[in-house]
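Structure first, commentary second.
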Amino acid sequence: MSEDHEEAGGAAHGNFGQTVLGWWRVNNSARDSAQARALAARLRRAGPVEALSERSVQDLARLVHAGPARAEALARLVRLLAEIREHDSAPLARRLGDDVLSELRFQRLMRAEGEERDALLRRAIAMADRRCNVAALATDLWRWDDATRTRWCFHYFGAEAPVDAVRETTE
């Protein structure tokens with residue numbers, strides 16, 4: 001499978017977020033299930049290789065057509081999704097507005113990359129009571145480009161993103 005096809009996965013067709021949400025509901029959100037709680041705990045503590053060695057993570061990789069070229073992004077995604085306890089209709093950036101996350105911390109998050117971004121997102125998820133729109137967050141983390149960060153800025157301040165920014169993230 002080509003790298004372009006792997007990156008597109010379900011995201012190019014708008015199904016990526018819903019596919020990940022379905023996976024998250026089965027594997028992480030069932031807090032009454034000891035198996036789901038144990039997996040979430042392992043993923044929260046895992047490094048990239050440990051996360052990728054989980055069967056359910058490999059199941060997700062197949063579902064979204066994420067091959068070796070996207071392994072690091074997949075590991076980051078599942079480790080952050082393990083932090084979420086409840087799916088909510090509001091995107092994470094919107095939940096962080098209204099003085100949940102200071103503007104300076106939000107600006108730092110928007111500039112961050114790699115492990116620093118992940119650490120800041122972990123803290124932000126905790127500050128948002130560990131709930132947000134899982135499908136939207138998954139799609140945003142998978143892409144994490146200028147269009148995504150632009151939309152987050154509008155959501156953080158409680159505004160709707162310009163149509164161009166929304167269109168770029170859903171195409």
Side-chain angles (χ1 to χ4, degrees), residues 1-93 95 109-110 112-126 128 130-149 151-152 166-171:
M1 187 177 289
S2 75
E3 184 174 330
D4 289 339
H5 187 245
E6 288 170 358
E7 184 165 338
H13 306 297
N15 295 328
F16 180 85
Q18 290 304 312
T19 299
V20 174
L21 174 60
W23 175 88
W24 176 84
R25 282 187 167 138
V26 168
N27 292 284
N28 284 136
S29 75
R31 294 298 173 192
D32 56 338
S33 161
Q35 187 175 1
R37 284 191 316 270
L39 175 63
R42 285 193 309 273
L43 289 175
R44 282 192 306 274
R45 293 187 308 265
V49 173
E50 291 87 1
L52 293 170
S53 70
E54 293 286 345
R55 178 178 299 281
S56 64
V57 173
Q58 290 299 314
D59 292 343
L60 178 60
R62 280 188 290 284
L63 287 170
V64 299
H65 309 288
R70 295 292 295 190
E72 183 179 340
L74 180 66
R76 287 185 158 157
L77 174 66
V78 298
R79 290 163 44 201
L80 285 166
L81 292 179
E83 301 287 339
I84 301 170
R85 301 285 187 275
E86 185 180 338
H87 176 67
D88 187 284
S89 62
L92 181 59
R95 291 199 36 81
L109 172 60
M110 291 299 95
E113 296 290 335
E115 290 298 323
E116 179 189 13
R117 182 202 69 176
D118 294 352
L120 294 172
L121 279 168
R122 270 188 206 88
R123 280 186 237 134
I125 290 168
R130 299 189 182 281
R131 57 181 246 248
C132 67
N133 185 313
V134 173
L137 180 62
T139 301
D140 290 348
L141 293 174
W142 198 247
R143 296 187 70 141
W144 202 254
D145 56 11
D146 285 343
T148 300
R149 288 189 292 268
R151 194 167 17 81
W152 275 52
V166 173
R167 188 177 322 124
E168 286 182 33
T169 61
T170 59
E171 290 178 348

Problem - salt bridge (charged side-chain N to carboxylate O under 4.0 Å, His left out) partners of residues 46-57, not counting sequence neighbours, each pair once - result: R42-E54

Problem - Any L137 side-chain heavy atom under 4.5 Å of V20 side chain - result: no

Practice task
Can you see which heavy atom on S89 is nearest to which on N133, and at what distance?
Solution key: O-ND2, 3.4 Å

Practice task
To the nearest 0.5 angstrom, please state how far the CG atom of D118 sits from the CG atom of L80.
Solution key: 5.0 Å

Exercise for the section: Apply salt bridge (Lys or Arg N to Asp or Glu O under 4.0 Å) to R130 and list each qualifying residue two or more places apart in sequence or on a separate chain. Expected result: E83

Exercise for the section: Using a 4.5 Å cut-off on heavy atoms from C-beta on, say whether the side chain of V57 contacts that of N27. Expected result: no

Fill in the blank from the handout: In terms of heavy-atom contacts, P91 and C132 come closest through C-CB, 4.4 Å

Completion exercise
Smallest heavy-atom separation, A112 atom then L120 atom, equals CB-CD1, 3.8 Å

Exercise for the section: Measure from the side-chain N and O atoms of R117 to the backbone N and O of L109, and report whether any donor-acceptor pair falls under 3.5 Å. Expected result: no

Practice task
Look up atom CG in L60 and atom CH2 in W24, then write down how far apart they are to the nearest 0.5 Å.
Solution key: 13.5 Å

Practice task
Any chance you could measure Q18, atom CD, to L21, atom CG, to the nearest 0.5 Å?
Solution key: 5.5 Å

Exercise for the section: Verify, without hydrogens or angle tests, whether R151 (side chain) and D140 (backbone) share a donor-acceptor contact under 3.5 angstrom. Expected result: no

Practice task
Take E113 and R149 through the test salt bridge (charged side-chain N to carboxylate O under 4.0 Å, His left out) and record every step on the way to the result.
Solution key: CA-CA 12 Å; E113 296 290 335; R149 288 189 292 268; 3.7 Å; yes

Problem - Smallest separation among heavy atoms of L77 and A138, with atom names - result: CD1-CA, 3.7 Å

Completion exercise
Looking only at heavy atoms, the pair that brings A46 and R79 closest together is O-NE, 3.1 Å

Exercise for the section: With the side chain counted from C-beta on, respond yes when N28 and I84 share a heavy-atom pair under 4.5 Å apart, and no when they do not. Expected result: no

Fill in the blank from the handout: Interatomic distance, CD@E72 vs CG@L74, rounded to 0.5 Å, equals 11.0 Å

Problem - Spacing of L43 atom CG and L81 atom CG [to the nearest 0.5 Å] - result: 9.0 Å

Completion exercise
Interatomic distance, OG1@T148 vs CE@M110, rounded to 0.5 Å, equals 9.5 Å

Practice task
Quick one: closest heavy-atom pair of A36 and A30, and the distance?
Solution key: CB-O, 3.3 Å

Problem - Side-chain donor/acceptor of R95 to backbone N/O of R131, under 3.5 Å - result: yes

Exercise for the section: Would you confirm whether H87, through its side chain, and V134, through its main-chain N or O, come within 3.5 Å as a donor-acceptor pair? Expected result: yes

Problem - Counterpart residues, side-chain contact (heavy atoms from CB on, under 4.5 Å), relative to R62 (two or more places apart) - result: Q58, D59

Exercise for the section: Find out whether the Lys NZ or Arg CZ of R70 is both under 6.0 angstrom from the six-membered ring centre of W142 and within 45° of the ring's axis. Expected result: yes

